[in-house]
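Predicted, not measured: the structure shown is a model, and the values here were computed from it.
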Amino acid sequence: MVRTTPHDRPLTEARPLYWRIATQLLGELRDGTIPPGERLPAERQLAGHFGVSRETVRQALEVLRHSGLVTTDRRGSHATLSGPPVETPSTLAFPVGARSTAPGAVDRATVTWEAPPPEHAEALGLAPHRPTLVHRYESAGADGQGRRTAVTSFSAVALAEVAELARCRDRADGTGSAQLRRAYDWMRQAGLALHHRDTITRLPAASSVRVTRRVHDQYARPLEITDLVMDAQQDALVYEFTLPAAV
């Protein structure tokens, strides 16, 4: 008997819901939204993404497992389509622009639970005045030069999916030091692929630039937004890149 996959089955043939979800998920595997070897999002995330029950997701994954397109081990389900293996990228320091503290330099970071700046709330899809985790970073050389300040707001998705970030709420009083340098690692380990888009613009009448970083996951859900102001002499530019989720 010839085994068929969701991709092979005729579109005119009536298909159950789980088969249609398997077909949609297969499309995301094939177009590289979920790279080969990468861990798939949890069943709960997939159910929310496709707007179906977790049982439907389980049935869809079972179809893909029988087709050899997905495999499951103790770490979860993984895409197995042919393609280049997912490399482990270099760790990115959080927040954007963070640097090692030089002797005598000021380097301080705190977190608060408060309503983010209005432009952050809009970018993250938060209702006006709804509180979230807000991270503030400040750094300057011993001579006061090279000052950098950054404000980061996290989305409800980030706090729901990344346990380490959610735990920060308990100590988000703005008084103690709060180092979240591994925030991007935590996101990847939670199964989130990270798409960064950094916009760098020169501030008028100042020798500084503003860097605005927006981070989304593999489903285009916003995770965080950071505004960094730093001394620089650069023209405006935009660049973006994607980090796969940890496997």
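- Side-chain atoms of T132 come within 3.5 Å of backbone atoms of F154 as a donor-acceptor pair (strictly under, hydrogens ignored).
- Between L192 and Q45, the closest side-chain pair of non-hydrogen atoms falls below 4.5 Å.
- The hydrophobic cluster containing L194 also contains L165, counting ILVMFWY residues as joined when their side-chain heavy atoms lie under 4.5 angstrom apart, directly or transitively.
- T212 pairs with exactly one of T226, I225, L228, D198 by the side-chain contact (heavy atoms from CB on, under 4.5 Å) rule, that one being I225.
- Residues Q59 and I21 have side chains not in contact (no heavy-atom distance under 4.5 Å, counting atoms from C-beta outward).
- Remark: side-chain polar atoms of S208 are not paired, donor with acceptor, to backbone N or O of L203 under 3.5 angstrom.
- The structure places CG of L180 at 12.0 Å from CG of D185, a figure rounded to the nearest 0.5 Å.
- When all heavy atoms are compared, the tightest approach of V111 to C168 is CG2-O, 4.4 Å.
- The distance from atom OG1 of T56 to atom CG of L61, rounded to the nearest 0.5 Å, is 11.0 Å.
- Side-chain contact between R182 and E164: absent, with no pair of heavy atoms (C-beta onward) separated by less than 4.5 Å.
- Going from atom CZ of R20 over to atom CG of L25 covers 15.0 Å, rounded to the nearest 0.5 Å.
- To the nearest 0.5 angstrom, H216 atom NE2 is 8.5 Å from L124 atom CG.
- Counting only distance, with no hydrogens or angles, the side chain of E43 and the backbone of R54 share no donor-acceptor pair below 3.5 Å.
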Derivation of the side-chain contact (heavy atoms from CB on, under 4.5 Å) call for E62 and R58
CA-CA 6 Å; E62 190 62 24; R58 292 190 190 100; over 6 Å; no
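- Pairing each heavy atom of V209 with each of R202, the nearest pair is CG1-CA, 4.0 Å.
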How far apart are the C-alpha atoms of E224 and R213, what are their side-chain angles, what is the distance that settles it, and do they pass the side-chain contact (heavy atoms from CB on, under 4.5 Å) test?
CA-CA 8 Å; E224 63 106 331; R213 166 171 287 179; 4.2 Å; yes
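- In this structure, Q218 contributes its side chain and G191 its backbone to a donor-acceptor pair below 3.5 Å.
- Residues L159 and V134 fall into different hydrophobic clusters, defined by Ile, Leu, Val, Met, Phe, Trp and Tyr side chains chained together at heavy-atom separations under 4.5 Å.
- Y137 places none of its side-chain heavy atoms less than 4.5 Å from the side chain of T149.
- The CD atom of E119 sits 8.5 Å away from atom OG of S153, with the distance rounded to the nearest 0.5 Å.
- A continuous path of hydrophobic side-chain contacts links Y219 to L26 [ILVMFWY only; heavy atoms under 4.5 Å].
- Taken to the nearest 0.5 Å, the CZ atom of R44 stands 14.5 Å off from the OG atom of S53.
- Here the closest non-hydrogen pair linking A158 and L223 is CB-O, 3.5 Å.
- A side-chain contact (heavy atoms from CB on, under 4.5 Å) with V162 is found for exactly one of R188, R167, Q189, M187, namely M187.
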Under the criterion side-chain contact (heavy atoms from CB on, under 4.5 Å), I'd like the reasoning laid out for R221 against E161: C-alpha separation, chi angles, the key distance, then a yes or no.
CA-CA 11 Å; R221 298 180 302 177; E161 302 293 347; 3.9 Å; yes
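- Considering every non-hydrogen atom in both P222 and V157, the closest pair reads O-CB, 4.0 Å.
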